[in-house]
Engineer: 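Submitted below is the structure of interest, expressed as structure tokens.
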Amino acid sequence: MRRSAPPHWEVEIVDENVESVPHSPRADIIGVCGMGVQHPRQAELLTYYRKRGYFVVAGGSYASLCPERYAALANAVIAGEAEYVWPRFCADFERGAPHALYRETGTVALADSPVPRFDLIKLDRYTTATLQFSRGCPFLCELCDIIVMFGRKPRYKTVEQVRRELDALRARNVRSVFFVDDNLIGNKAVAKELLRFLRRYQEQHGYPFDFGTEASLNMAQDRELLELFRAARFTWVFIGIESPNVEALKHTRKTQNTHEDILTSVRRIYSYGIDILAGFIVGFDSDTPATFDQQYRFIRDSGIQIAMVGLLTALPRTPLHERLRREGRLIEHAEGADNTKVGTNIVPKGMRYEEMLDGYVALYRRLFSDRSIADRVRNKLRHLRRPLYSGEYALTDKSGIVVRLLVKGILRGGWPRLFHFARSLPWLQPGKLPLAILDWIGAISMRNYADRHLVPPRPRDAAVAGKWFASFERAILRYLRDGRASVELSLPAGAAPRVKIRVTCGLDREFFRRCRPRLQHLLRSSRASLMLVVEEIEMHQLRNLQRLLRSLARHGDRISIELSDRLRDLVAVDSSTFHFVLDRPHAS
Ligand code: B12
Ligand code: SF4
């Protein structure tokens, strides 16, 4: 059976995380993949390409969970694992009779999964490559879509397949590999076999890789397993801890986290040199306003720096979704696919909805205060005595990283941050320094993200934007008067200010000269977002527009750019930096 695209098909992979999507590619079929959080962009891309006459196919984890949401967006939807149904689609397409929906109703034997086409990915743009060994998880957590999509009986690739994938990655000089399994230790005996194989592989090849993975907390109770993780050089593991509240864990049927005190488990894993990243959830039925403080204290004491806290979200088809629907506790029309937003689709039981949102935002604020970051670094390093992570970079790269952290991260926080940074560093144990540095880099980037996306707009932002607007209008008055440009400011309640600038032809160098520093100032000094609509522009001004975009790139995630059809081919907009609006109805 053929399990990938036919060999005579030419395939290209574009990942908008690291590169721009092409707006008029040379292609017959365009497949667009995405998780729930990416659904708005996925929908936008599908609509855009479809309108331009391409045959568009939707796939990925959200299409697998709720293919019905894609029926109006795509010519065909691949729901579920693609190994068997994709070749069927390809054959139907070649015959000129593709169906609208291909749904994998069973499960795929992973021995049939091909080696990924790593050659089609720009691997040099990633810090970590991914490899999947197993699918499925034996547990029963009520909120989980994994067991709905992949089942409870873990399925595995052979170690031979893993060897082939590692060889391919090694040949491309990849140093860091993330085993993207739902739970690598779903079947401990098989996991141990894999780890023994990885230990041998690492020994044979001089430890070419740092590994990381996702596993359930019960790994902490098996010392042989922990030893094998260490020997195979797993420098980190992501664990769904969810809550230190045992009631909440029992209620959500995450009983594997209740075998012993969670802090004890965490510290035992640390004692093998393995770092922990973890997921936490607030909004369980037994959670009350007091839960936020309990979560905070646990996260601080555990020293977990990359603590991804989300609001309980009911994903379609999960037992949680079903129960809350029965109980009338699903919020109608709430999107419910993005657990990184301040909002969700469930009505909590132990507190008011608004209380939950406020508590959530305050928890993030507390976690990413300089004091809390430093406390966690210290609490972790106290127990993580021999970290496997050693930050093996060339000396020049190392100094570059530290200088960037100092200049862009630490010094910007002023003396208080410098003080907390300095007190958290293990001055007498240089072997632990790389991990402390890594934690600060991770924490500061999470803090920046939380500042931009989670913290409610400051009243000051509206005042700053209002003042800015008046002076900006004055600066480009003559362009506004004769209709070459227009500018609008809106101050939506509960959201950051929005500025929209529309330009038509007749601009000159002076226009860009006036705009550039003023826009930079607006974005630097407030959380305002910017929408730039370019309807027409003279060819000789393209360079100035391009320069303006380059100067704003730093704030790219707050900037949307819309170009007329003609300009799309002329202006290079990096859609991995900016929101490059391709289809307006779905633009956020
Ligand atoms: C690796 C991973 C990540 C990595 C991604 C790294 C990377 N650059 O690849 C990181 C850590 C960054 C990540 C982040 C997040 N993730 Co994530 N992640 C995963 C994980 C563990 C594996 C995904 C994977 O690579 N699988 C291997 C591939 C081969 O399999 P697959 O994705 O199942 O795809 C199959 C089919 O769907 C199909 N297919 C896939 N794409 C396409 C496209 C087309 C066109 C077609 C035809 C077919 C097709 O073919 C594949 C083979 O059968 C999954 C869990 C899981 N098992 O899916 C969660 C998962 C996808 N993540 C999830 C979530 C929620 C997130 C976050 C929102 C978490 C958070 N709160 O921050 C963020 C979002 C980040 C962002 N803004 O983009 C959810 C998504 C829920 C949903 N149903 O949409 C999942 C399912 C885990 C879960 N249950 O919570 N994640
Ligand atoms: S342990 Fe993780 S993957 Fe397994 S059922 Fe629970 S939430 Fe899902």
Side-chain angles (χ1 to χ4, degrees), residues 3-5 13 15-18 29-39 41-42 46 56-66 70 74 76-86 89-90 102 104 107-108 110 112-114 116 121 125-152 154 178-186 212-218 238-242 249 252-257 277 279-281 306 308-311 313 315-320 336-341 446 449 453:
R3 286 165 198 107
S4 42
I13 296 177
D15 177 357
E16 210 178 18
N17 284 305
V18 297
I29 302 174
I30 296 185
V32 188
C33 149
M35 310 179 199
V37 281
Q38 293 144 355
H39 183 254
R41 182 61 173 171
Q42 190 184 15
L46 286 165
V56 296
V57 184
S61 54
Y62 205 53
S64 298
L65 207 53
C66 38
Y70 293 82
V77 183
I78 305 286
E81 298 173 81
E83 279 82 347
Y84 300 155
V85 289
W86 176 250
F89 160 77
C90 296
Y102 292 79
E104 175 58 73
T107 49
V108 163
L110 288 195
D112 291 339
S113 205
I121 300 171
R125 300 194 189 173
Y126 300 82
T127 52
T128 303
T130 64
L131 188 161
Q132 190 179 39
F133 172 59
S134 71
R135 290 184 195 155
C137 175
F139 294 116
L140 274 167
C141 309
E142 189 194 28
L143 52 92
C144 181
D145 60 333
I146 291 295
I147 43 185
V148 175
M149 292 190 287
F150 302 111
R152 291 191 50 221
F178 174 10
F179 278 83
V180 291
D181 294 37
D182 309 314
N183 181 1
L184 191 84
I185 63 158
T213 193
E214 304 190 346
S216 45
L217 187 60
N218 56 319
F238 179 94
I239 299 176
I241 291 180
E242 324 303 11
L249 293 170
T252 197
R253 299 207 276 174
K254 199 148 194 146
T255 47
Q256 69 275 20
N257 285 14
L277 287 60
F280 296 89
I281 292 178
I306 306 301
M308 296 168 66
V309 189
L311 289 170
T313 305
L315 286 170
R317 292 175 56 208
T318 56
L320 175 70
D338 186 347
N339 64 348
T340 62
K341 284 221 169 91
M446 283 184 77
Y449 178 86
H453 297 273

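Each ligand, and each atom within it, is numbered from 1 in the order the structure gives. Because the structure is predicted, anything quoted here is derived from the model rather than measured.
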Engineer: For atom 85 (C) of ligand 1, is the nearest protein heavy atom under 4.0 Å away?
Structural biologist: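 Given the 4.0 Å cut-off, atom 85 (C) of ligand 1 does not count as touching protein heavy atoms.
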Engineer: Between D145 and ligand 1, find which residue part has any heavy-atom pair under 4.0 Å and reply side chain, backbone, both or neither.
Structural biologist: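 Looking at D145 and ligand 1, just side chain atoms fall under 4.0 Å.
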Engineer: Indicate the atoms forming the closest heavy-atom contact of P319 with C144, along with that distance.
Structural biologist: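 Smallest heavy-atom distance, with atoms named: CD-O, 4.4 Å.
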Engineer: For ligand 1, which atoms, with element, lie under 4.0 Å from some heavy atom of G36?
Structural biologist: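 Listed by number with element, the hits are 82 (C), 84 (O).
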Engineer: I need the atoms of ligand 1 closer than 4.0 Å to a non-hydrogen atom of E83, numbered in the order shown.
Structural biologist: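 This gives 52 (C), 53 (O) as the contact atoms.
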Engineer: If you measure every N/O of D15 against every N/O of ligand 1, is any gap under 3.5 Å?
Structural biologist: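 No, D15 has no N/O under 3.5 Å of an N/O on ligand 1.
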Engineer: Starting from atom 25 (O) of ligand 1, what is the nearest protein heavy atom, named by residue and atom, and what distance separates them?
Structural biologist: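 Closest protein heavy atom to atom 25 (O) of ligand 1: V180 CG2, 3.7 Å.
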Engineer: Judged on heavy-atom distance to atom 68 (C) of ligand 1, which of L311, V37, D181 sits nearest?
Structural biologist: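 Among L311, V37, D181, the closest heavy atom to atom 68 (C) of ligand 1 belongs to V37.
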Engineer: Within less than 4.0 angstrom of ligand 1, does S113 place any heavy atom?
Structural biologist: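 No; S113 lies far enough from ligand 1 that no heavy-atom distance drops under 4.0 Å.
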Engineer: Provide the closest heavy-atom pair for A5 versus C90 in the form atom of the first, atom of the second, distance.
Structural biologist: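 Closest approach of A5 to C90: CA-SG, 4.3 Å.
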Engineer: Suppose we measure from atom 48 (C) of ligand 1 to each protein heavy atom; which comes out shortest, and what is that distance?
Structural biologist: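 Looking only at protein heavy atoms, the one closest to atom 48 (C) of ligand 1 is G59 CA, 3.9 Å.
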Engineer: Can you find an N/O atom of A82 closer than 3.5 Å to an N/O atom of ligand 1?
Structural biologist: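 N/O-N/O distance under 3.5 Å: yes.
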Engineer: Between the side chain of R253 and the main-chain N/O of C141, is any donor-acceptor distance below 3.5 Å?
Structural biologist: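 No; judged by distance alone, with no hydrogens or angles, the pair does not exist.
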Engineer: Please report the closest heavy-atom contact between M149 and S64, naming both atoms and the distance.
Structural biologist: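 Heavy atoms of M149 and S64 come nearest at SD-CB, 4.0 Å.
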Engineer: Taking both backbone and side-chain atoms of Q38, is any N or O found less than 3.5 Å from an N or O belonging to ligand 1?
Structural biologist: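 Yes; the residue has a nitrogen or oxygen that sits under 3.5 Å from a nitrogen or oxygen of the ligand.
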Engineer: At less than 4.0 angstrom from any non-hydrogen atom of M308, what atoms of ligand 1 do you find?
Structural biologist: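 Matching atoms, with element in brackets: 70 (C), 72 (O).
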Engineer: Give a yes or no on whether atom 54 (C) of ligand 1 lies under 4.0 Å from any heavy atom of the protein.
Structural biologist: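 It does not; no protein heavy atom is within 4.0 Å.
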Engineer: Note the single closest protein heavy atom to atom 9 (O) of ligand 1, along with its residue, its atom name and the distance in Å.
Structural biologist: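 Looking only at protein heavy atoms, the one closest to atom 9 (O) of ligand 1 is T130 CG2, 4.1 Å.
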Engineer: Any non-hydrogen protein atom below 4.0 Å of atom 2 (C) of ligand 1?
Structural biologist: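 Given the 4.0 Å limit, the answer for atom 2 (C) of ligand 1 is no, no protein heavy atom qualifies.
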Engineer: Please state which protein non-hydrogen atom is closest to atom 27 (C) of ligand 1 and give its distance, to 0.1 Å?
Structural biologist: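 So the nearest neighbour among protein heavy atoms is Q132 OE1, 3.5 Å.
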Engineer: Find out whether R152 and L140 are in side-chain contact, i.e. whether some heavy atom of one side chain is under 4.5 Å from a heavy atom of the other.
Structural biologist: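 Yes - at least one pair of side-chain heavy atoms lies under 4.5 Å apart.
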Engineer: Using only atom types and a distance under 3.5 Å, with no angle test, would you say the side chain of Q42 pairs donor to acceptor with the backbone of V32?
Structural biologist: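 It does hold such a pair.
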Engineer: Quick one: does ligand 1 sit under 4.0 Å from the side chain of V32, the backbone, both or neither, non-hydrogen atoms only?
Structural biologist: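 Within the 4.0 Å criterion, V32 contacts ligand 1 through backbone atoms alone.
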Engineer: With atoms numbered from 1 as shown, which atoms in ligand 1 lie under 4.0 angstrom from a non-hydrogen atom of W86?
Structural biologist: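 Checking each atom against W86, I get 47 (C).
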Engineer: Strictly inside 4.0 angstrom of atom 91 (N) of ligand 1, do you find any protein heavy atom?
Structural biologist: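 Within 4.0 Å: yes, protein heavy atom nearby.
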Engineer: Would you mind checking which non-hydrogen protein atom is closest to atom 56 (C) of ligand 1, with the distance to 0.1 Å?
Structural biologist: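 Answer, as residue, atom name and distance: D182 OD1, 3.3 Å.
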Engineer: Can you sort out which atoms of ligand 2 are near Q256, meaning under 4.0 Å from one of its heavy atoms?
Structural biologist: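 Answer for ligand 2: 1 (S), 6 (Fe).
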Engineer: For atom 79 (C) of ligand 1, what's the nearest protein heavy atom and its distance?
Structural biologist: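 Looking only at protein heavy atoms, the one closest to atom 79 (C) of ligand 1 is M35 SD, 4.6 Å.
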Engineer: If the cut-off is 4.0 Å to any non-hydrogen atom of C137, which atoms of ligand 2 fall inside it?
Structural biologist: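 Close to C137: 1 (S), 3 (S), 4 (Fe), 5 (S).
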Engineer: With heavy-atom distances below 4.0 Å as the criterion, list the atoms of ligand 1 near I146.
Structural biologist: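 That gives atoms 55 (C), 56 (C), 57 (N), 89 (N) of ligand 1.
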Engineer: Return yes if some donor-acceptor pair links the side-chain N/O of T313 with the main-chain N/O of L311 below 3.5 Å, else return no.
Structural biologist: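 Between the backbone of L311 and the side chain of T313 there is a qualifying donor-acceptor contact (under 3.5 Å).
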Engineer: Is the shortest distance from atom 23 (C) of ligand 1 to a protein heavy atom below 4.0 Å?
Structural biologist: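 Under 4.0 Å from atom 23 (C) of ligand 1, zero protein heavy atoms found.
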Engineer: Would atom 40 (C) of ligand 1 count as contacted, meaning some protein heavy atom under 4.0 Å?
Structural biologist: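 Within 4.0 Å: yes, protein heavy atom nearby.
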Engineer: Look at atom 31 (P) of ligand 1 and say whether a protein heavy atom is found at less than 4.0 angstrom from it.
Structural biologist: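 False for atom 31 (P) of ligand 1.
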Engineer: Pull out every atom of ligand 1 sitting under 4.0 Å from any heavy atom of I78, numbered as shown with elements.
Structural biologist: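 Counting from 1, the qualifying ligand atoms are 47 (C).
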Engineer: Answer with yes or no whether E104 contacts ligand 1, where contact means a heavy atom under 4.0 Å from a ligand atom.
Structural biologist: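 It does not, in that no heavy atom of E104 comes within the 4.0 Å cut-off of ligand 1.
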Engineer: Under 4.0 Å from atom 43 (C) of ligand 1, is there at least one protein heavy atom?
Structural biologist: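 Answer yes: something from the protein, a heavy atom, is under 4.0 Å.
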Engineer: Look only at the side chain of D181 and the backbone of F133, and say whether a donor-acceptor pair between them is shorter than 3.5 Å.
Structural biologist: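 Flag set: sc D181 to bb F133 pair under 3.5 Å.
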Engineer: Can you name the nearest heavy-atom pair linking G136 to D182, along with the distance?
Structural biologist: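 Residues G136 and D182, closest heavy atoms: N-OD2, 3.0 Å.
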Engineer: Less than 3.5 Å between some nitrogen or oxygen of E214 and one of ligand 1, yes or no?
Structural biologist: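 So ligand 1 has no N or O lying under 3.5 Å from an N or O of E214.
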Engineer: Please identify which atoms of ligand 2 are closer than 4.0 Å to at least one heavy atom of F139.
Structural biologist: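 By the 4.0 Å cutoff, the relevant atoms are 1 (S), 5 (S).
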Engineer: Considering only protein heavy atoms, which is closest to atom 71 (N) of ligand 1, and at what distance to one decimal place?
Structural biologist: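 Its nearest protein heavy-atom neighbour is N339 OD1, 2.9 Å.
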Engineer: Any idea which heavy atoms bring S134 and N183 closest together, and the distance?
Structural biologist: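 Scanning both residues, the minimum pair turns out to be OG-O, 4.0 Å.
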Engineer: Number the atoms of ligand 1 from 1 as they appear, then name those within less than 4.0 Å of a heavy atom of S64, with their elements.
Structural biologist: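 The atoms of ligand 1 under 4.0 Å from a heavy atom of S64 are 37 (O).
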Engineer: In terms of residue, atom name and distance, what is the protein heavy atom nearest to atom 36 (C) of ligand 1?
Structural biologist: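 Ranking protein heavy atoms by distance from atom 36 (C) of ligand 1, first comes G80 O, 3.6 Å.
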Engineer: Report yes or no: does a heavy atom of E214 sit under 4.0 Å from some atom of ligand 2?
Structural biologist: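 Judged by the 4.0 Å heavy-atom criterion, E214 does not count as contacting ligand 2.
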Engineer: Answer with side chain, backbone, both or neither: which part of F150 has a heavy atom less than 4.0 angstrom from an atom of ligand 1?
Structural biologist: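 It is the side chain that touches ligand 1; the backbone stays farther off.
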Engineer: Between Y70 and Y62, is a side-chain contact (heavy atoms from CB on, under 4.5 Å) present by the stated rule, with each step listed?
Structural biologist: CA-CA 9 Å; Y70 293 82; Y62 205 53; 3.4 Å; yes
Engineer: Given that the side chain starts at C-beta and the backbone is N, CA, C, O, which of these parts of E81 lies under 4.0 Å from ligand 1, counting heavy atoms, or is it both or neither?
Structural biologist: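 E81 to ligand 1: contacts from backbone and side chain alike.
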Engineer: With backbone taken as N, CA, C and O and side chain as the heavy atoms from C-beta onward, which portion of Y126 lies under 4.0 Å from ligand 1: side chain, backbone, both, or neither?
Structural biologist: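 Y126 to ligand 1: no contact under 4.0 Å from either part.
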Engineer: Look at ligand 2 and say whether R152 reaches it with a heavy atom at a distance under 4.0 Å.
Structural biologist: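 Judged by the 4.0 Å heavy-atom criterion, R152 does not count as contacting ligand 2.
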Engineer: Is it true that E83 and R135 make a salt bridge, defined as a side-chain N closer than 4.0 Å to a carboxylate O?
Structural biologist: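 Yes, this pair counts.
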Engineer: Going by the order shown, which atoms of ligand 2 are within less than 4.0 Å of some heavy atom of K254?
Structural biologist: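 In order of number, 2 (Fe), 6 (Fe), 7 (S).
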Engineer: Could you tell me which atoms of ligand 1, counted from 1 in the order shown, lie closer than 4.0 angstrom to a heavy atom of G31?
Structural biologist: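 Result: 45 (C).
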Engineer: Return yes when at least one N/O/S atom of C144 is nearer than 2.8 Å to atom 4 (Fe) of ligand 2, and no when none is.
Structural biologist: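 No.
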Engineer: For residues C66 and P316, report the shortest heavy-atom separation together with the two atoms involved.
Structural biologist: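 In terms of heavy atoms, the two residues are closest at SG-CG, 4.1 Å.
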